[in-house]
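A short worksheet on the structure shown next.
Below, chains carry the letters A, B, ... as their sequence lines are ordered, and counting in each starts from 1.
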Protein chains: 2
Amino acid sequence: MTARFDIAMHILTLLASAEGEYVQSDYIAGSMNINPVIVRKEISHLRNAGLVDTREGKNGGSALAKAAAKIRLSDVYEVVRGDSLLGRNKNKPNPDCAVGKQIGKHLEKLHADAEQMFVQGLKKTTLADFVKMFG
Amino acid sequence: MTARFDIAMHILTLLASAEGEYVQSDYIAGSMNINPVIVRKEISHLRNAGLVDTREGKNGGSALAKAAAKIRLSDVYEVVRGDSLLGRNKNKPNPDCAVGKQIGKHLEKLHADAEQMFVQGLKKTTLADFVKMFG
DNA sequence: CTTTACTGTAACAAAAATAATTACAGATAA
DNA sequence: TTATCTGTAATTATTTTTGTTACAGTAAAG
């Protein structure tokens, strides 16, 4: 995967710490040393998923759209999810080979099963749990 | 991740199907429609992990180094494992920010915990189980 | 021996994915 | 009505991944 999960978590952690205050993308970008546009893009995804609320215009910014205890890490994962955890499967195996012919669907199932277990694990932790770790 | 897990699985499935016969990298590459050098590279990793045995020279090729039932999918995953499942974490957050300062280590732990669960899941399936799915 | 048919691997090139930047439109508080 | 925000498209730069070429090393078979 990309760095998106970590970026999203960083954003959400800052919002959780701000306790309702609307935080600006420039501030967030400064905390992570990345470009504000990347922050806004990720916020846009988080917003589409109903995790954050944004105010435009002067004194604008973002805040959590619901309690940190209601945001599961699996929710975050879903937002940034890209390729399958076990790899990008765009192979075109040889259909004349008995194995090549059907391995695609078996690998797909394997990917799906493995990912589901993974997501189950992430469901157990909330943003609030994560933020609690900060001293 | 990359396509390496699927490539490794494809290789191992072919070897398992060959039941001890030594299979050549060109044949394997043909089954997957990829370059033989990539196959040899992956075989090299699988060999280092003790999963396959290779013979050089004429009539050479590779075979499983142990029974398919003794090869867990987690073993395969370990071989191809690259970045953490939740992303490549090479961020250098702002140390002047209370959150930025410590989020790195907390994310690392999160990555590690999540991955461990994932690997636990993969441990339950062996190459033999996977190959059984092929009709 | 010598030829032939393999594997191993380094070095390089191409392609794809990701991240960063620029530029500007739209929103809203003051 | 200006100053300060966000949204987003378009572009470029960077990094990662994949593929290729080239050639050395190994061993079977004649």
Side-chain angles (χ1 to χ4, degrees), chain A residues 1-8 10-11 14-15 18 21-30 32-49 51-63 65 79-93, chain B residues 1-8 10-11 14-15 18 21-30 32-49 51-63 65 79-93:
Chain A
M1 220 202 302
T2 67
R4 286 183 57 200
F5 181 83
D6 285 359
I7 292 174
H10 199 136
I11 292 169
L14 287 171
L15 299 189
E21 292 291 306
Y22 278 68
V23 186
Q24 300 180 356
S25 61
D26 270 35
Y27 176 82
I28 298 174
M32 336 178 46
N33 268 321
I34 64 174
N35 195 289
V37 174
I38 295 178
V39 172
R40 290 192 215 123
K41 274 185 192 157
E42 201 56 58
I43 284 178
S44 160
H45 294 130
L46 293 166
R47 183 172 53 245
N48 290 340
L51 302 183
V52 319
D53 174 52
T54 303
R55 280 191 200 145
E56 293 190 7
K58 193 168 180 177
N59 298 341
S62 298
V79 170
V80 303
R81 185 190 183 288
D83 294 310
S84 155
L85 287 175
L86 287 174
R88 19 172 157 265
N89 196 345
K90 62 166 177 207
N91 290 12
K92 29 191 174 343
Chain B
M1 217 202 304
T2 67
R4 285 184 59 201
F5 180 82
D6 285 359
I7 291 174
H10 199 135
I11 292 169
L14 287 171
L15 299 190
E21 292 289 306
Y22 279 68
V23 186
Q24 299 179 357
S25 61
D26 270 35
Y27 176 83
I28 298 174
M32 334 177 50
N33 268 322
I34 65 173
N35 194 290
V37 173
I38 295 177
V39 172
R40 290 192 215 124
K41 275 183 194 160
E42 201 56 59
I43 284 179
S44 158
H45 295 128
L46 293 166
R47 184 171 53 243
N48 291 340
L51 301 184
V52 318
D53 173 51
T54 302
R55 281 191 198 145
E56 293 191 6
K58 195 168 179 177
N59 299 339
S62 297
V79 170
V80 302
R81 184 190 184 289
D83 295 310
S84 156
L85 287 175
L86 286 174
R88 19 173 156 263
N89 194 344
K90 61 167 181 206
N91 290 12
K92 27 190 178 344

Please lay out, stage by stage, how A/H45 and A/R4 fare under the test side chain to side chain contact (heavy atoms under 4.5 Å, CB included).
CA-CA 11 Å; A/H45 294 130; A/R4 286 183 57 200; 3.3 Å; yes

d([atom1], [X]; [atom2], [N]) in whole Å:
X: A/R4; N: C/dA17; atom1: CZ; atom2: C1'; result: 13 Å
X: A/D53; N: D/dG7; atom1: CG; atom2: P; result: 10 Å
X: B/Y22; N: D/dT26; atom1: OH; atom2: C1'; result: 15 Å
X: A/D26; N: C/dT21; atom1: CG; atom2: P; result: 13 Å
X: A/N48; N: D/dT8; atom1: CG; atom2: C1'; result: 13 Å
X: B/M32; N: D/dG19; atom1: CE; atom2: P; result: 10 Å
X: A/I38; N: D/dG7; atom1: CD1; atom2: C1'; result: 15 Å
X: A/I28; N: D/dC5; atom1: CD1; atom2: P; result: 13 Å

Could you tell me the separation between the [atom1] atom of [X] and the [atom2] atom of [Y], rounded to the nearest 0.5 Å?
X: A/H10; Y: A/N33; atom1: NE2; atom2: CG; value: 9.5 Å
X: B/L46; Y: B/I7; atom1: CG; atom2: CD1; value: 10.5 Å
X: B/E21; Y: B/L14; atom1: CD; atom2: CG; value: 13.5 Å

For [N], does OP1 or OP2 lie under 4.0 Å from any side-chain N or O of [X]?
X: A/N59; N: C/dT28; value: no
X: A/R47; N: D/dG7; value: yes
X: B/R88; N: D/dT17; value: yes

Proximity to the side chain of [X] - top-ranked nucleotide from [options]:
X: B/K41; options: D/dA22, D/dG19, D/dG7; result: D/dG19
X: B/V37; options: D/dC5, D/dT21, C/dA20; result: D/dT21
X: A/D83; options: D/dT8, C/dT18, D/dT18; result: C/dT18
X: B/K58; options: C/dC6, D/dA28, D/dT8; result: D/dA28
X: A/E56; options: D/dG7, C/dG8, C/dA11; result: D/dG7
X: A/T2; options: C/dT18, D/dT18, D/dT21; result: C/dT18

Heavy-atom pair with the smallest gap, counting every atom of A/R88 and B/A3
O-CB, 3.8 Å

At under 4.0 Å between heavy atoms, what does B/S44 touch on the DNA or RNA strands: base, sugar-phosphate, or nothing?
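Sugar-phosphate: the residue B/S44, judged by heavy atoms under 4.0 Å, touches backbone atoms but no base.
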
Under 4.0 Å, counting only non-hydrogen atoms across every strand here, what does B/N35 touch: a base, just sugar-phosphate, or nothing?
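Base contact.
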
B/G61 or A/R55, whichever maps to the more 5' nucleotide of DNA chain C:
B/G61

Heavy-atom nearest nucleotide on DNA chain C taken for B/Q24 and for A/P36; more 5' hit belongs to B/Q24

Please check: side-chain N/O of A/D53 versus main-chain N/O of A/A63, any donor-acceptor pairing under 3.5 Å?
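Pair absent, no side-chain N/O of A/D53 close to backbone of A/A63.
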
